[in-house]
Amino acid sequence: MNPDAGAAGRSPLRPSALFVAEERRRRMTRSEVDALHAAIVTVSTRMSAAGEPIIYLRGFYLPEPQGWFAVFAADSPQIVQRLLGITQLSNVQVRPVVEFLPPEGVSSCVSPARLAARCGHPGCDPDP
């Protein structure tokens, strides 16, 4: 068995499904959003290293209307809920996601920082 494999021989780097976590009711300051992001990055890295495959893919905060969203790759919604519990988030709904990729030749890089860094993905042109 692979020494890096998690439970049931699965690689901690290959979760099998996508989930969105959603909390719509609380107002957060920029520093709270930054702290939440850092906590989720840390906890997801530790959980994966411990054999619970979860990858934090992206997070969003909508100031108006108030809402926090994050996308995770994991084997089950329970793994996402466990991460949220560790980061002390409650009243968060976790739902499965069906992902649609952009058409060929269109970049999936939507982050201005990635665009500015010339991320190298096909179709990613920071200077339109």
Side-chain angles (χ1 to χ4, degrees):
M1 184 165 121
N2 178 349
D4 295 328
R10 269 213 158 109
S11 169
L13 300 177
R14 297 186 190 270
S16 62
L18 293 177
F19 300 92
V20 66
E22 170 185 353
E23 181 184 49
R24 288 192 178 250
R25 61 177 182 80
R26 75 173 178 161
R27 179 174 297 279
M28 297 173 73
T29 66
R30 177 59 195 240
S31 62
E32 289 172 327
V33 173
D34 290 342
L36 176 58
H37 172 77
I40 290 171
V41 168
T42 299
V43 172
S44 64
T45 301
R46 288 181 182 166
M47 287 176 67
S48 284
E52 284 186 273
I54 185 166
I55 300 171
Y56 172 47
L57 298 172
R58 188 170 290 221
F60 305 90
Y61 178 70
L62 285 68
E64 297 295 330
Q66 300 156 10
W68 171 84
F69 303 84
V71 180
F72 296 90
D75 284 343
S76 72
Q78 291 80 15
I79 293 174
V80 178
Q81 288 287 3
R82 180 165 144 63
L83 178 140
L84 296 171
I86 292 169
T87 57
Q88 299 181 347
L89 284 172
S90 59
N91 298 320
V92 178
Q93 295 183 344
V94 176
R95 297 184 176 111
V97 171
V98 176
E99 180 179 28
F100 296 93
L101 298 175
E104 191 169 324
V106 175
S107 174
S108 61
C109 293
V110 294
S111 164
R114 284 187 177 172
L115 290 172
R118 297 183 183 266
C119 73
H121 287 105
C124 185
D125 183 1
D127 301 316

Give, for atom [atom1] of [X] and atom [atom2] of [Y], the distance between the pair rounded to the nearest 0.5 Å.
X: Ile55; Y: Thr45; atom1: CD1; atom2: OG1; result: 9.5 Å
X: Phe72; Y: Ile40; atom1: CZ; atom2: CD1; result: 4.5 Å
X: Ile79; Y: Leu84; atom1: CD1; atom2: CG; result: 12.0 Å

Looking at every non-hydrogen atom in both residues, tell me the closest pair between [X] and [Y] and how far apart they are.
X: Glu23; Y: Asn91; answer: CG-O, 4.1 Å
X: Val80; Y: Ile54; answer: CA-CD1, 3.9 Å
X: Thr87; Y: Val43; answer: CG2-CG2, 3.8 Å
X: Gln81; Y: Val92; answer: NE2-O, 3.5 Å
X: Ser16; Y: Asp75; answer: N-OD1, 2.9 Å
X: Leu18; Y: Glu99; answer: CD1-OE1, 3.4 Å

### Query
With Ser31, which residues qualify under side chain to side chain donor-acceptor pair (under 3.5 Å), at least two apart?
Thr29
### Task
Tell me, with the steps shown, if Leu89 and Leu36 meet side chain to side chain contact (heavy atoms under 4.5 Å, CB included).
CA-CA 9 Å; Leu89 284 172; Leu36 176 58; 3.6 Å; yes
Results of salt bridge (charged side-chain N to carboxylate O under 4.0 Å, His left out) for [X] - residues two or more places apart only:
X: Glu104; value: none
X: Arg82; value: Glu52
X: Glu22; value: Arg24, Arg95

### Task
Just grab all the side-chain hydrogen bond (donor to acceptor under 3.5 Å, both in side chains) pairs involving residues 61-73, residues at least two apart or on different chains.
Arg27-Glu64
#### Entry: His37 side chain near Val33 side chain, heavy-atom distance below 4.5 Å
no
### Task
Applying ring pair (Phe, Tyr, Trp, His ring centres under 6.0 Å), name anything that partners Phe19, two or more places apart in sequence or on another chain.
none
